[in-house]
Number of protein chains: 2
Amino acid sequence: MKPEELKGHLDGLILAVVSQESLHGYAVIEALKQRSGGALALPEGTVYPALHRLEADGLLRSEWTQAGRKRRVYSITKRGEKELGVSRERWRVFSATIEAVLT
Amino acid sequence: MKPEELKGHLDGLILAVVSQESLHGYAVIEALKQRSGGALALPEGTVYPALHRLEADGLLRSEWTQAGRKRRVYSITKRGEKELGVSRERWRVFSATIEAVLT
DNA sequence: GGCTATACCTAGTGTTACTAGGTGTCAAGC
DNA sequence: GCTTGACACCTAGTAACACTAGGTATAGCC
């Protein structure tokens, strides 16, 4: 998968996995890999800044935990849930559009 | 539709419309708008540079015509046809991946 | 002790759709 | 004739963002 084609879609994906279960950053990467069947093997340099951006936008909230290893666990906020809905709808429109032209 | 989410997908869309019929730049914009039901209303500053890039990459070829107005008509090349196939396959993989995670 | 997987971070890069301008032609309406 | 709007082309600069390439540190296993 080439890097650019993910642009604009990453935030929704992260919101989707975190909405199911609060996760720390590294676990988000694992979850994306697993749920995509290995297709989404994102580097940390992609995911961590995205998490910070989502938190700055108030769509995620984070908390440091220390059960053994120090981890920053992210949960989805109300606004994040709402934005996830918007992302899903936007994806429907977008994919229908591409499908109509490309195929 | 937000601008970034198109990134990495535009080239395939242009190849798709030009593969059906040779078109000049302005007509490519119209064709994309029509085939997408109005969803893809791309500015000229997006499409013209993309056409130049595709020609530089050998995926399109252009010819100036003068039947009334001066127009630059683009046709798809053999390499362009092949790349269009790759784009379609890449889209299938990509959309399946997003679908798996997002929904 | 050394190694691997886990876990976090960020400064800088590259690509690319878009903005905001520009030039010129043609047809229709006044 | 003149103006307006659609047609038709172009490009320099901007913004956004996934990614590269580094860095630090801990836990568990051999």
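Proteins get letters first, then strands, A, B, ... in listed order; numbering begins at 1 in each. In this text, all values refer to a predicted model and were calculated from it rather than measured experimentally.
If you find the closest nucleotide of DNA chain D to L10(A) and to Q66(A), the one lying nearer the 5' end belongs to L10(A). The nearest heavy atom of DNA chain D to L6(A) and to E44(A) marks one nucleotide each, and the one closer to the 5' end goes with L6(A). Along DNA chain C, the nucleotide nearest to H9(B) and the one nearest to Y26(A) differ in position, and the one closer to the 5' end is contacted by Y26(A).
Looking at heavy-atom distances under 4.0 Å, G68(A) makes contact with sugar-phosphate atoms alone, never a base. Using a 4.0 Å heavy-atom distance criterion, G25(B) is classed as a sugar-phosphate-only contact.
For the pair Y74(A) OH and dC8(C) P, the computed distance is 8 Å after rounding to whole Å. Atom C1' of nucleotide dA18(D) and atom CZ of R53(A) are separated by 8 Å, given to the nearest angstrom. Taking atom CH2 on W64(A) and atom P on dC8(C), their separation rounds to 6 Å, with Å as the unit. If you take CE of M1(B) and C1' of dT16(C), they are 16 Å apart, rounded to a whole angstrom. Atom CG in D57(A) sits about 12 Å away from atom P in dA16(D), given to the nearest Å. Here the C1' atom of nucleotide dT16(C) and the CG atom of L42(B) are 13 Å apart, to the nearest Å. One can place NZ of K7(B) at 10 Å from P of dA16(D), the figure rounded to the nearest angstrom. Counting to the nearest Å, the C1' atom of dC17(D) and the CD atom of E5(B) are 14 Å from each other.
The phosphate of dA6(D) (OP1 or OP2) has no side-chain N or O of R69(B) nearer than 4.0 angstrom. Considering only side-chain N and O atoms, H52(B) lies under 4.0 angstrom from the phosphate OP1 or OP2 of dT11(D). Distances shown here put every side-chain N or O of Y48(A) at or beyond 4.0 Å from the OP1 or OP2 atom of dC9(C). Checking the phosphate oxygens (OP1, OP2) of dC9(C), a side-chain nitrogen or oxygen of R72(A) falls inside 4.0 Å.
A salt bridge is absent between D57(B) and R79(B); no separation between the charged side-chain nitrogens and carboxylate oxygens falls under 4.0 Å. Salt-bridge check for E81(A) with K78(A): failed, with every basic side-chain N at 4.0 Å or more from each acidic carboxylate O.
The local environment of CD in E63(A) is sparse, with at most 12 non-hydrogen atoms from other residues, nucleotides or ligands closer than 6.0 Å.
In terms of polar N and O atoms assigned as donor or acceptor, the side chain of E4(A) never comes within less than 3.5 Å of the base of dC17(D) in a complementary pairing.
Taking all atoms of both residues into account, the shortest heavy-atom contact from T77(B) to G58(B) is OG1-O, 2.7 Å.
A distance-only check finds a donor-acceptor pair linking the side chain of R35(B) to the backbone of V101(A) [under 3.5 Å].
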